[in-house]
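Keep in mind the model is a prediction, meaning the values are calculated, not measured. Both ligands and their constituent atoms are indexed starting at 1 by order of listing.
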Amino acid sequence: MGSVVISGTGLFTPEESISNEELVESFNRYVRAYNEDHGQDIEAGRSEPLQESSCEFIEKASGIKSRYVMEKAGILDPDRMCPSLPERRDDEASLQCEIGVVAARKALEVANRNSQEIDAVIVACSNLQRPYPAIAVELQNALGMPGFAFDMNVACSSATFGIQLAADTIANGNASAVLVVNPEICSGHLNFRDRDAHFIFGDVCTAIVVEKADRASSGHQFEILGTRLQTAYSNNIRNNFGFLNRGDESGIGTADKLFVQQGRKVFKEVVPLVAQLIVGHLEEMQIPVGDVKRMWLHQANLSMNQLISRRVLGRQASDDESPTILDEYANTSSAGSIIAFHKYHRDFEPGDIGVICSFGAGYSVGSVIVKRVT
Ligand code: CO8
């Protein structure tokens with residue numbers, strides 16, 4: 001796959017941000033109101049009181065300090081606890097298309113490409129706001145791009161799976177430049193009333209230009225030396241929202257139609273999966289671990305990333321070797337590792353090697369080994 005490069009990345013960050021303090025204050029107001037409303041049942045032992053959340057727990061357990069969101073007031077309103085995102089007319093841009101356009105334009109600028117020079121668009125993310133027409137086709141139209149476009153979803157691994165697909169499409173001669181876009185509006189499917197998960201996610205959009213090396217003209221080219229993907233079925237991260245829901249009215253609106261996870265099990269099971277995949281991929285490519293300057297890991301949990309990098313390197317990684325963005329952005333699903341790459345690659349010299357790695361629901365894991373060329 002030596003002839004394919006990542007030639008540009010772009011990032012859209014929402015204007016509004018929520019600190020742990022703001023989130024916990026709103027959550028605890030909801031808890032107190034709930035416990036008051038259900039006081040008699042709780043006293044009589046007929047139901048359990050809800051437990052308050054805490055900033056100390058959130059930061060210690062996850063490393064998250066804040067998150068960007070598309071709409072803040074609705075999330076922080078204890079009577080609502082979900083973003084206010086009014087529906088748009090069919091002749092208006094969808095929200096995912098709108099933020100995709102911003103991230104894509106930035107990536108194209110870095111790649112030194114105009115829209116006409118892109119042959120294919122892949123929108124790869126965890127949650128798509130409608131089944132059809134594909135958001136990718138809408139985005140392709142909004143940017144005036146020729147060729148073809150489609151959506152795909154591999155949860156938090158969508159971006160690395162999308163990069164492999166883009167690289168393969170180019171290597172097979174079916175396109176010469178592919179735009180991969182990750183519009184992650186996680187707040188739309190996060191249960192802000194769930195103490196175990198209400199702090200985990202944030203909203204953002206990333207975009208990546210992948211193209212044939214011999215036509216690339218960007219000053220930020222990273223050759224894709226190889227990609228490796230793996231999936232292993234698990235119910236520990238699940239969302240039962242779907243088009244068949246209306247076939248059973250009793251389930252509509254229940255908590256399993258939003259993000260649900262067994263966080264501790266995910267932590268224990270995914271860490272070895274990821275470490276083995278990265279180590280195996282490097283071995284297969286005959287790249288000594290010592291030659292890896294940086295790992296841009298999926299951003300779900302700080303301790304998880306520290307453990308993964310320790311297992312790969314055989315020692316604790318420095319912040320420089322495994323940069324963190326989840327403190328500011330929280331888990332932005334598939335966009336996390338791409339934000340880390342976007343923010344922390346400019347110090348790479350030609351020849352320097354790094355690994356972009358994502359992991360999440362499915363389970364799914366993706367590794368993309370890159371080398372700076374210009
Ligand atoms: N405040 C205070 N205490 C709390 C809170 C809270 N908010 N939440 C839980 N606790 C308590 C628990 O009740 C428990 O108490 P006790 O010991 O008395 O039972 C204690 O704290 C410990 O709870 P946990 O065992 O749950 O805590 P952990 O240390 O395991 O930390 C984490 C929880 C942070 C969730 C951690 O397990 C984790 O990060 N795991 C990895 C998860 C992960 O990587 N998930 C990937 C998900 S992303 C993905 O793939 C899908 C993307 C789809 C996008 C969807 C958009 C919405």
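Closest protein heavy atom to atom 38 (C) of ligand 1: N301 ND2, 3.4 Å. Summary of contacts: the protein heavy atom closest to atom 20 (C) of ligand 1 is F57 CE1, 4.0 Å. Closest to atom 3 (N) of ligand 1, if we only count protein heavy atoms, is R195 NH2, 3.1 Å. With respect to atom 50 (O) of ligand 1, the closest heavy atom belonging to the protein is A361 N, 2.6 Å. In this structure, atom 29 (O) of ligand 1 lies nearest to the protein heavy atom R264 NH2, 2.7 Å. In this structure, atom 1 (N) of ligand 1 lies nearest to the protein heavy atom S54 N, 3.2 Å. Closest to atom 53 (C) of ligand 1, if we only count protein heavy atoms, is S126 OG, 3.7 Å. Nearest protein neighbour of atom 51 (C) of ligand 1, counting heavy atoms only, is C156 SG, 3.5 Å.
Applying the 4.0 Å criterion to heavy atoms of V266 picks out, from ligand 1, the atoms 42 (C), 43 (C), 44 (O), 45 (N). Counting atoms of ligand 1 from 1 in the listed order, those under 4.0 Å from a heavy atom of G360 are 50 (O). If you number the atoms of ligand 1 from 1 as listed, the ones under 4.0 Å from a heavy atom of A300 come out as 44 (O). Close approach to G263 involves these atoms of ligand 1, each under 4.0 Å from a residue heavy atom: 37 (O), 40 (N), 41 (C). For ligand 1, the atoms sitting less than 4.0 Å from at least one non-hydrogen atom of H189 are 57 (C), numbered in the order shown with element in parentheses. Which parts of ligand 1 touch D196 is read off a 4.0 Å heavy-atom cut-off, strictly below it: atoms 8 (N), 9 (C).
By the criterion of a heavy-atom distance under 4.0 Å, the side chain of M304, and not its backbone, is placed next to ligand 1. When heavy-atom distances to ligand 1 are checked against a 4.0 Å cut-off, C186 comes that close through both its backbone and its side chain. Proximity of N331 to ligand 1, defined as any heavy-atom pair under 4.0 Å, is confined to the side chain (atoms from C-beta onward). Contacts between Q261 and ligand 1 below 4.0 angstrom, taking non-hydrogen atoms only, involve the side chain exclusively.
Aromatic ring centroids of F341 and F222 lie under 6.0 Å apart. If you look at F199 and F27, their ring centroids are not closer than 6.0 Å.
Side-chain contact of T206 with N182: a donor-acceptor pair under 3.5 Å is present, judged by distance alone. Counting only N and O atoms by type, the side chains of Y68 and E15 include no donor and acceptor under 3.5 Å apart. Side-chain atoms of E184 and S334 form a donor-acceptor pair, as typed in the model, at a separation below 3.5 Å.
Between A361 and S364, the shortest heavy-atom distance links the atoms O-OG, 2.8 Å. Taking both residues in full, the closest heavy atoms of G251 and K257 are given as O-NZ, 3.0 Å, listed atom of the first, atom of the second, then distance. For the pair I163 and I6, the tightest heavy-atom approach, listed with the atom from each and the gap, is CD1-CD1, 4.3 Å.
Residue pairs meeting the side chain to side chain donor-acceptor pair (under 3.5 Å) criterion with at least one member in residues 53-65, sequence neighbours excluded, are S53-H198.
Under a hydrophobic-cluster definition in which Ile, Leu, Val, Met, Phe, Trp and Tyr are linked whenever side-chain heavy atoms come within less than 4.5 Å, directly or via other members, V31 and F192 are assigned to the same cluster. V181 and V204 fall into different hydrophobic clusters, where Ile, Leu, Val, Met, Phe, Trp and Tyr side chains are chained together by heavy-atom contacts under 4.5 Å.
Taking all heavy atoms of G202, S234, S53, S334 into account, the minimum distance to atom 7 (N) of ligand 1 is reached by S53. Between the choices L190, N127, I237, the shortest heavy-atom distance to atom 56 (C) of ligand 1 belongs to N127.
Among the candidates S7, S218, S217, the single residue satisfying the side-chain hydrogen bond (donor to acceptor under 3.5 Å, both in side chains) test with E211 is S7.
For atom 18 (O) of ligand 1, the protein comes within 4.0 Å by no heavy atom at all. When distances from atom 36 (C) of ligand 1 to the protein are checked, a heavy atom turns up under 4.0 Å. Atom 44 (O) of ligand 1 lies below 4.0 Å from at least one non-hydrogen atom of the protein. Distance screen at 4.0 Å: atom 15 (O) of ligand 1 has no protein heavy-atom neighbour inside the cut-off. For atom 10 (N) of ligand 1, the protein comes within 4.0 Å by at least one heavy atom.
Scanning for side chain to side chain donor-acceptor pair (under 3.5 Å) contacts around E117 gives R113, with sequence neighbours left out.
Remark: R67 does not engage E22 in a salt bridge, criterion side-chain N to carboxylate O under 4.0 Å.
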Kindly determine whether N235 and R238 satisfy side chain to side chain donor-acceptor pair (under 3.5 Å), including the steps that lead there. CA-CA 6 Å; N235 278 319; R238 194 168 171 111; 2.5 Å; yes
